[in-house]
Engineer: 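Structure incoming, see below.
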Amino acid sequence: EEDPSRPDEKNLIKLEVAADKEPSQYSPSTGMTMNGKPATLKLDLGGSVWIVGNIEGETLTMIKMRLTGGKEAFVMAKRNNNKFSDACSDQKTFTEACFTGEVPKEDLSGPGEKPLVKLEITADKEPSQYSPSSGTAINSRPATLKFDLGGSVWIVG
């Protein structure tokens, strides 16, 4: 006797998904500033986690953050480094290894006190972090149509 709670096996769709990791869904735009100056160094760590930085005088100021929207971020850590290598001052050679130095002390002694690093966030929404690769198949046939809805949600056919 058939179990009505189980779907009919012949109507099931077999989906084989192979995914490629893409860059973060949100990225710092060119309008992002730190202490009123453009964030000139940007490193995508994946999952909308970024290290952004700029150089003020002899100090490399950096923030590790998770962008959660066009104007929102969760600050994970901050660093000030006045003994940084030349490689850390160039976007082409700026790596996660550059995120070293002192943790800035925040002076929150009074209600009008400002944090040591003021961050003005502007982010661009990017395509999904994961995308169906060429190996994605439906009922053992290659999926040839792919539409990104954002947030790693796709329509495939």
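Owing to the predicted nature of the structure, the values given are computational and were not obtained by experimental measurement.
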Engineer: Is the shortest side-chain heavy-atom distance between Leu41 and Leu60 below 4.5 Å?
Structural biologist: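 Yes, at least one pair of side-chain atoms sits under 4.5 Å.
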Engineer: Taking the side chain as everything from C-beta on, heavy atoms only, tell me whether Glu56 gets closer than 4.5 Å to Lys37.
Structural biologist: yes
Engineer: Indicate the atoms forming the closest heavy-atom contact of Pro28 with Met32, along with that distance.
Structural biologist: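 Residues Pro28 and Met32, closest heavy atoms: CB-SD, 3.7 Å.
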Engineer: Using a distance-only test with no angle check, is there a side-chain donor-acceptor pair under 3.5 angstrom linking Asn81 and Thr100?
Structural biologist: yes
Engineer: Between Asn139 and Arg141 (side chain of the first, backbone of the second, donor and acceptor by atom type, cut-off under 3.5 Å), is there such a pair?
Structural biologist: no
Engineer: State, with a plain yes or no, whether a side-chain heavy atom of Thr61 is found less than 4.5 Å away from one of Asn54.
Structural biologist: yes
Engineer: Using side-chain heavy atoms (C-beta onward) and a distance below 4.5 Å, is Ser48 in contact with Thr68?
Structural biologist: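 No. Closest side-chain heavy atoms not under 4.5 Å.
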Engineer: Any heavy-atom pair between the side chains of Arg79 and Glu102 that's under 4.5 Å?
Structural biologist: no
Engineer: With rounding to the nearest 0.5 angstrom, report the CZ to CZ distance, Phe94 to Phe84.
Structural biologist: 10.5 Å
Engineer: Determine, step by step, whether Val156 and Ile138 satisfy the side chain to side chain contact (heavy atoms under 4.5 Å, CB included) criterion, reporting the C-alpha distance in whole Å, the side-chain angles of both residues, the deciding distance to 0.1 Å, and the verdict.
Structural biologist: CA-CA 9 Å; Val156 295; Ile138 302 171; 4.0 Å; yes
Engineer: Indicate yes or no for a side-chain donor-acceptor contact from Arg66 to the backbone of Gly47 under 3.5 Å, with no hydrogens or angles considered.
Structural biologist: yes
Engineer: Taking all atoms of both residues into account, what is the closest heavy-atom pair of Trp50 and Ser27, and its distance?
Structural biologist: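 Looking at all heavy atoms of both residues, the shortest contact is CZ2-CB, 3.4 Å.
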Engineer: Measuring from atom CG of Leu45 to atom CE of Met76, what distance do you get when rounded to the nearest 0.5 angstrom?
Structural biologist: 8.0 Å
Engineer: Is any side-chain heavy atom of Met62 less than 4.5 Å from a side-chain heavy atom of Val52?
Structural biologist: no
Engineer: Any non-hydrogen side-chain atom of Met65 less than 4.5 Å from a side-chain atom of Leu67?
Structural biologist: yes
Engineer: Tell me, please, which residues at least two apart from Lys64 pass salt bridge (Lys or Arg N to Asp or Glu O under 4.0 Å).
Structural biologist: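 Counting only residues at least two positions away or on another chain, Lys64 forms a salt bridge (Lys or Arg N to Asp or Glu O under 4.0 Å) with Glu96.
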Engineer: Is it the case that over 12 heavy atoms from other parts of the model lie below 6.0 angstrom from the CD atom of Glu58?
Structural biologist: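 Atom CD in Glu58 is not crowded, with 12 or fewer foreign heavy atoms closer than 6.0 Å.
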Engineer: Is any side-chain heavy atom of Ile63 less than 4.5 Å from a side-chain heavy atom of Ile51?
Structural biologist: no
